[in-house]
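What follows is a set of notes on a single structure, which appears directly below.
Within every chain, numbering begins at 1; the chains are lettered A, B, ... in the order of the sequence lines, protein sequences first and strands thereafter. Side chains included, hydrogens not; waters and symmetry mates left out as well; all remaining heavy atoms used.
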Amino acid sequence: MTSRTHDTSDQESIGLSADAVWLRRLRRSIISWYSRHGRDLPWRDERDAYRVWIREIMLQQTTVTAVIPYLQRFMQRFPTLIELAHADEAEVLHAWEGLGYYSRARNLHRTARLLLSEHDGEFPRDAEGLQSLPGIGRYTAGAIASFAFGARAPIVEANTLRLYTRLLGYRHSPKTSRGQTMLWEFASRILPTQAPGQFNQALMDLGAVVCTAENPSCTSGCPLTSQCRAFATGEQHLIPLQATRPAIESTIEAAVVVRDGDRFLIHQRPQGVRWAGLWDFPRYTQGSDRVPDESLSPREINRLWNDAERSFSDEWNLKITFNRKVTEIVHHVTRYRIRLVCFLADVTDHQRRSTVAPVESREHAWVRATHFEEYAMPVSGRKLAKLIASEMYSPSEERASQRKKRSASKKAGRDLTRS
DNA sequence: TACTCGTGGCT
DNA sequence: TAGCCAAGAGT
């Protein structure tokens with residue numbers, strides 16, 4: 001087999017990787033590189049299973065930079081498994097607010113309780129046992145087993161996936177079951193008997209620092225250049241093969257800010273929906289027959305205004321009337337770009353007397369803007385909460401509000417206040 | 001298998 | 001800027 005082979009079979013990849021001499025040389029190069037250039041991460045050589053677990057869950061699909069401050073706060077708030085297990089889920093979600101992928105936090109909490117109730121508060125010491133726990137998949141199981149318990153457990157994640165596929169010149173999709181089988185097989189073969197945890201860390205560091213997604217440092221610092229098939233054929237920019245991502249869709253939502261005196265209505269999102277368990281202002285998605293990326297026309301604002309008023313009144317059994325449009329927030333969630341148009345409605349004495357009983361099954365609260373901080377919210381909800389807290393209570397509230405309205409109207413060449 | 005689940009940084 | 005990317009897991 002030569003580097004000119006264009007349809008490298010998996011067996012050929014594995015066959016090459018199985019060459020003991022080649023593997024030993026690879027390992028030596030990686031270990032040597034790691035000793036000199038490994039990242040100085042705050043958790044380097046951390047072996048406490050609880051701390052490794054929390055950190056690995058946080059790092060799922062999340063950058064090191066984003067994780068560090070959250071990890072510090074989380075460990076202060078929940079220093080041990082016992083404290084995490086004894087906390088309310090709401091507290092855990094609150095500590096997670098802003099990190100995203102909130103099922104990670106819910107599974108973390110579930111697993112803490114499970115470990116305490118059924119495992120004497122101890123982690124399984126092997127990858128298989130770890131993988132049976134909620135939120136712990138194949139990668140995380142291997143990471144905990146090797147980092148905390150020194151088990152010879154392989155790992156495949158974003159960094160190592162890039163490294164392995166390039167090293168082996170794997171031209172097929174690494175996401176298929178065939179690709180996954182090949183990758184885990186190679187991960188297992190390359191892993192040494194001695195200090196597998198450190199070696200796994202070395203693999204990830206090499207992927208993160210040298211074998212990067214964009215502009216990998218093949219000729220300026222990679223210890224594996226001479227053994228890398230992708231480099232030999234100049235394909236390092238083509239490997240790994242990209243999966244096609246679903247297209248981004250634009251949608252429009254209305255957020256309803258209901259004010260009763262100095263309190264605002266928020267509700268807890270139910271299980272099974274996005275941001276489950278987090279608190280938010282009531283929001284409604286408009287039919288997506290037309291979803292422009294640009295600002296909305298006055299006609300579209302009016303339609304949204306009317307629809308949201310009706311939806312809210314039906315759902316909460318509270319007939320409200322919007323005072324004005326407060327703001328628009330554009331944010332991204334998964335494959336959606338959402339234009340969130342926020343309306344303000346004041347509850348009048350008459351309305352309060354007639355129908356204030358919201359739907360019984362829905363957790364809700366009337367909260368002063370100064371207390372929004374106590375509730376875990378999605379980032380877009382938090383942005384709105386901050387805006388309310390800063391604008392609604394500032395001494396120049398009316399003036400600021402008027403000024404904003406005028407400038408917004410002027411800019412868009414329309415009147416959004418609907419007299 | 002393909003899709004969902006979040007967010008922020010980078011180019 | 002619009003898309004890509006980041007120590008994946010669950011369904």
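Checking dG10(C), dG8(B), dA7(C) against every side-chain atom of N107(A), the shortest atom distance belongs to dG10(C). For R104(A), counting side-chain heavy atoms from C-beta on, the closest listed nucleotide (dC5(C), dG8(B), dG6(B)) is dG6(B). Distance from the side chain of T334(A) is smallest to dT4(B) among dT4(B), dT7(B), dA9(C). Listed nucleotides: dC5(C), dA7(C), dA6(C). Nearest to the side chain of R162(A): dA6(C). With dA9(C), dG3(C), dT7(B) as the candidates, the nucleotide lying closest to the side chain of V333(A) is dT7(B). Distance from the side chain of A158(A) is smallest to dG8(C) among dG8(C), dG3(C), dG6(B). For E56(A), whose side chain is taken as the heavy atoms from C-beta onward, the closest listed nucleotide among dA7(C), dT4(B), dA6(C) is dA7(C).
Q76(A) CD: 12 or fewer foreign heavy atoms inside a 6.0 Å radius.
Within 4.0 Å of A213(A), counting heavy atoms only, lie sugar-phosphate atoms of the nucleic acid but no base atom. Within 4.0 Å of S177(A), counting heavy atoms only, lie sugar-phosphate atoms of the nucleic acid but no base atom. Using a 4.0 Å heavy-atom criterion, one finds that I144(A) contacts no nucleic acid atom at all. At the heavy-atom level, I57(A) lies nowhere under 4.0 Å from the strands shown. Within 4.0 Å (heavy atoms only), G98(A) reaches sugar-phosphate atoms of the nucleic acid but no base atom. Here Q201(A) lies in heavy-atom contact (under 4.0 Å) with a base. Residue contacts shown for W43(A) include a base, since a base heavy atom lies under 4.0 Å away. No contact: A66(A) has no heavy atom under 4.0 Å from any strand.
dG6(B) atom P lies 13 Å from atom CD of E253(A), rounded to whole Å. Distance W275(A) CH2 to dT4(B) P: 15 Å, rounded to the nearest Å. As a whole-Å value, the separation of H109(A) NE2 from dA9(C) P is 21 Å. Rounded to whole Å, atom P of dG10(C) lies 10 Å from atom CG of L133(A). Nucleotide dA7(C) holds its C1' atom 13 Å from the CE atom of M58(A), rounded to whole Å. If you take CZ of R138(A) and P of dG10(C), they are 14 Å apart, rounded to a whole angstrom. The interatomic distance linking L59(A) (CG) with dG9(B) (C1') rounds to 16 Å, in whole Å. Taking atom OH of residue Y102(A) and atom P of nucleotide dG8(C), one finds them 18 Å apart after rounding to whole Å.
Phosphate contact (OP1/OP2 of dA7(C), side-chain N/O of W53(A), threshold under 4.0 Å): absent. Between Q60(A) and the phosphate of dG6(B), there is no side-chain N or O to OP1/OP2 separation shorter than 4.0 Å. Applying the 4.0 Å criterion to OP1 and OP2 of dA7(C), one finds that T160(A) has every side-chain N and O outside that range. Between dG8(C) and Q61(A), a contact under 4.0 Å exists linking OP1 or OP2 to a side-chain N or O. OP1 or OP2 of dA9(C) lies within a sub-4.0 Å distance of a side-chain N or O belonging to T140(A). Contact check, Y101(A) against dG10(C): no side-chain N or O comes under 4.0 Å of OP1 or OP2. OP1 or OP2 of dT4(B) sits under 4.0 Å from a side-chain N or O of R335(A).
Comparing R110(A) and T63(A) by the nucleotide of DNA chain C whose heavy atom lies nearest to each, the residue mapping closer to the 5' end is T63(A). Summary of the strand contacts: Y336(A) and H332(A) both lie near DNA chain B, and taking for each the nucleotide with the nearest heavy atom, the more 5' one is attributed to Y336(A).
Using a 4.5 Å cut-off on side-chain heavy atoms (C-beta onward), R303(A) and Q286(A) make contact.
Geometrically, R44(A) engages Y34(A) in a cation-pi contact defined by less than 6.0 Å to the ring centre and at most 45° from the axis. With F186(A) as the aromatic partner, R189(A) does not meet the cation-pi criteria of under 6.0 angstrom to the ring centre and within 45 degrees of the ring axis.
Of the possible donor and acceptor atoms, one in the side chain of S390(A) sits under 3.5 Å from a partner among the backbone N and O of L387(A).
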Problem set entry | Step-by-step side-chain hydrogen bond (donor to acceptor under 3.5 Å, both in side chains) determination, Q60(A) to Y139(A) | CA-CA 10 Å; Q60(A) 288 170 6; Y139(A) 161 73; over 6 Å; no
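A distance of about 24 Å separates the P atoms of dT11(C) and dA7(C), rounded to the whole Å. dC4(C) and dC3(B) have their P atoms separated by 15 Å, with the value rounded to a whole Å.
Salt bridge absent: E46(A) and R55(A) never bring a charged side-chain N and a carboxylate O closer than 4.0 Å. One finds a salt bridge joining E328(A) and K325(A) here, because a Lys/Arg side-chain nitrogen approaches an Asp/Glu carboxylate oxygen to under 4.0 Å.
Side-chain to base pairing of R39(A) with dA7(C): one donor and one acceptor N or O lie within less than 3.5 Å of each other.
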